[in-house]
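This report concerns only the one structure given below.
Numbers restart at 1 for each chain; the letters A, B, ... are given by sequence-line order, proteins then strands.
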There are 2 protein chains.
Amino acid sequence: MLIVIDRHSGQPVYRQLLEQVRYQAASGILAPGDELPSTRALSARLGLNPMTVSKAYGLLEREGVVERRPGRALVIKARAAGDLEDERLEELRKALAGTAQTVRQLGVSPEKALELFADLLKRPEESE
Amino acid sequence: MLIVIDRHSGQPVYRQLLEQVRYQAASGILAPGDELPSTRALSARLGLNPMTVSKAYGLLEREGVVERRPGRALVIKARAAGDLEDERLEELRKALAGTAQTVRQLGVSPEKALELFADLLKRPEESE
DNA sequence: CTTGGTGTATGCCTACACTAATACACCATT
DNA sequence: AATGGTGTATTAGTGTAGGCATACACCAAG
């Protein structure tokens with residue numbers, strides 16, 4: 001499992017970890033049933049405290065991305081197709097609602113905003 | 001001028017102020033030439049420190065929303081149509097780029113994201 | 001030039017988020 | 001039950017952003 005932590009990105013470490021695992025699970029890089037490294041193993045590899053990893057893992061479990069098996073490593077949760085779709089869309093909705101408000105506050109026309117958004121969605125390089 | 005500050009919203013006060021003035025200027029509620037209350041007057045009315053108001057005013061000036069007249073009150077800046085458009089769009093672009101990244105991380109299809117976004121832009125009630 | 005207004009630079013204080021150290025509870029395996 | 005693994009509750013340390021008090025520089029009007 002490839003995880004890259006950038007301590008100077010301004011983003012909290014636990015969130016970087018969370019997002020990378022979530023993305024990899026969503027995109028299929030991590031398949032259902034795949035095991036995640038233990039908190040200690042991963043924290044050692046990344047030079048972090050186990051608690052920081054645990055925080056990310058705990059949130060991933062709450063999101064339903066991962067399944068807890070007491071005494072054993074976490075695994076990517078198997079799920080009926082579209083099972084998580086609802087939660088994903090809900091999270092997406094929150095993000096978009098905030099952005100929509102920004103659009104209004106800036107006094108930008110919805111059309112222009114949509115156009116720009118469509119544009120950005122096409123260009124993956126636009127990451128931070 | 002109607003400004004409402006919610007200290008429990010989690011949003012910084014100076015930012016609430018900034019956004020409300022910016023929105024009112026963009027939407028025409030505040031017309032070019034309209035004067036803003038002095039930092040002391042507004043801070044007294046809202047129960048804030050003048051510095052907090054000044055912070056918002058300073059940012060508004062940098063954005064070009066407002067014009068400074070030394071010794072006198074700030075005024076909403078007159079401008080050629082679309083004069084501020086560039087900076088606005090730049091700010092919008094930043095917001096949208098972040099959201100676009102979220103879309104990718106969630107593994108949601110661009111089409112669905114756009115659809116949802118268009119939906120949210122139509123409903124003003126979706127504010128906080 | 002004095003007065004009463006303007007905005008704000010500087011520095012401090014507080015609250016909060018993030019990270020980490022420690023210590024604990026749990027489980028699988030032997 | 002002993003052991004070596006798991007995750008994490010609790011607590012403490014650290015950095016930073018937001019807000020405020022103070023004090024200053026400036027200007028218009030008298």
Side-chain angles (χ1 to χ4, degrees), chain A residues 1 3-22 25 30 33-77 98 128, chain B residues 1 3-22 25 33-77 94 98 128:
Chain A
M1 191 174 70
I3 296 286
V4 180
I5 298 299
D6 178 3
R7 287 205 169 261
H8 306 298
S9 71
Q11 290 300 306
V13 171
Y14 81 92
R15 184 158 296 278
Q16 294 180 45
L17 184 51
L18 168 70
E19 287 170 355
Q20 290 183 41
V21 174
R22 181 170 57 197
L30 288 172
D34 282 357
E35 293 192 353
L36 291 168
S38 74
T39 56
R40 281 181 177 75
L42 186 55
S43 65
R45 172 145 65 89
L46 299 177
L48 307 173
N49 187 283
M51 277 310 300
T52 302
V53 176
S54 177
K55 185 172 192 174
Y57 278 10
L59 292 171
L60 283 168
E61 195 213 1
R62 270 201 261 166
E63 286 188 18
V65 175
V66 123
E67 195 164 13
R68 175 168 294 153
R69 302 179 305 175
R72 310 199 52 189
L74 296 193
V75 294
I76 301 295
K77 194 171 179 178
E128 86 262 52
Chain B
M1 190 176 69
I3 296 286
V4 180
I5 298 299
D6 178 4
R7 285 204 172 262
H8 306 299
S9 71
Q11 289 300 306
V13 171
Y14 81 92
R15 184 159 294 279
Q16 294 181 44
L17 183 52
L18 168 70
E19 287 171 355
Q20 289 184 42
V21 174
R22 181 170 56 196
D34 282 357
E35 292 190 354
L36 290 169
S38 75
T39 56
R40 280 180 178 78
L42 186 55
S43 65
R45 172 146 64 90
L46 299 177
L48 307 173
N49 186 282
M51 275 310 299
T52 303
V53 177
S54 177
K55 188 171 190 173
Y57 278 9
L59 292 172
L60 283 168
E61 195 213 1
R62 268 200 261 167
E63 287 189 18
V65 175
V66 123
E67 195 164 13
R68 176 166 294 153
R69 301 181 305 175
R72 309 198 55 187
L74 296 194
V75 294
I76 302 296
K77 193 171 181 178
K94 276 189 287 184
E128 86 263 50

Euclidean distance, atom [atom1] of residue [X] to atom [atom2] of [N] [Å, nearest integer]:
X     : N      : atom1 : atom2 : answer
B/R62 : C/dT8  : CZ    : P     : 11 Å
A/E61 : D/dT8  : CD    : C1'   : 12 Å
A/R69 : D/dG5  : CZ    : P     : 17 Å
A/L59 : C/dC18 : CG    : P     : 10 Å
A/E35 : D/dG5  : CD    : P     : 15 Å
A/I5  : C/dC18 : CD1   : C1'   : 13 Å
B/Y57 : C/dT8  : OH    : C1'   : 14 Å
A/L74 : C/dC27 : CG    : C1'   : 14 Å

Side-chain touch [X]/[Y], heavy atoms, less than 4.5 angstrom:
X     : Y     : result
A/I3  : A/V21 : yes
A/V65 : A/K77 : no
B/L48 : B/V13 : yes
A/V53 : A/S43 : yes
B/L17 : B/K55 : no

Generate the contact string for nucleotides 17-24 of chain D. Rules: B means base contact, S means sugar-phosphate contact only, - means no protein heavy atom under 4.0 Å. -SSBB-B-
Say whether, by atom type as modelled, one donor and one acceptor occur between the side chain of B/E67 and the main chain of B/L74 under 3.5 angstrom.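 Such a contact is absent between B/E67 side chain and B/L74 backbone.
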For B/S38, which contact category applies under a 4.0 Å heavy-atom criterion: base, sugar-phosphate, or nothing?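 It contacts sugar-phosphate atoms only.
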In residues 35-42 of chain A, what donor-acceptor pairs under 3.5 Å come from side-chain atoms, sequence neighbours left out?
{"unit_1": "A/E35", "atom_1": "OE2", "unit_2": "A/R69", "atom_2": "NH2", "d": "3.0"}
{"unit_1": "A/S38", "atom_1": "OG", "unit_2": "A/A41", "atom_2": "N", "d": "2.9"}

After noting the C-alpha distance and the side-chain angles of A/L60 and A/R22, does the key distance pass the side-chain contact (heavy atoms from CB on, under 4.5 Å) rule? CA-CA 7 Å; A/L60 283 168; A/R22 181 170 57 197; 4.2 Å; yes
How large an angle, rounded to 10°, do the end axes of the helix from C/dC1-D/dG30 to C/dT30-D/dA1 enclose when each is built from five base pairs? 10°
Please evaluate residues A/Y57 and A/L18 with respect to the criterion side-chain contact (heavy atoms from CB on, under 4.5 Å), reporting the C-alpha separation (whole Å), side-chain torsions for both, the decisive distance (0.1 Å), and the verdict. CA-CA 7 Å; A/Y57 278 10; A/L18 168 70; over 6 Å; no
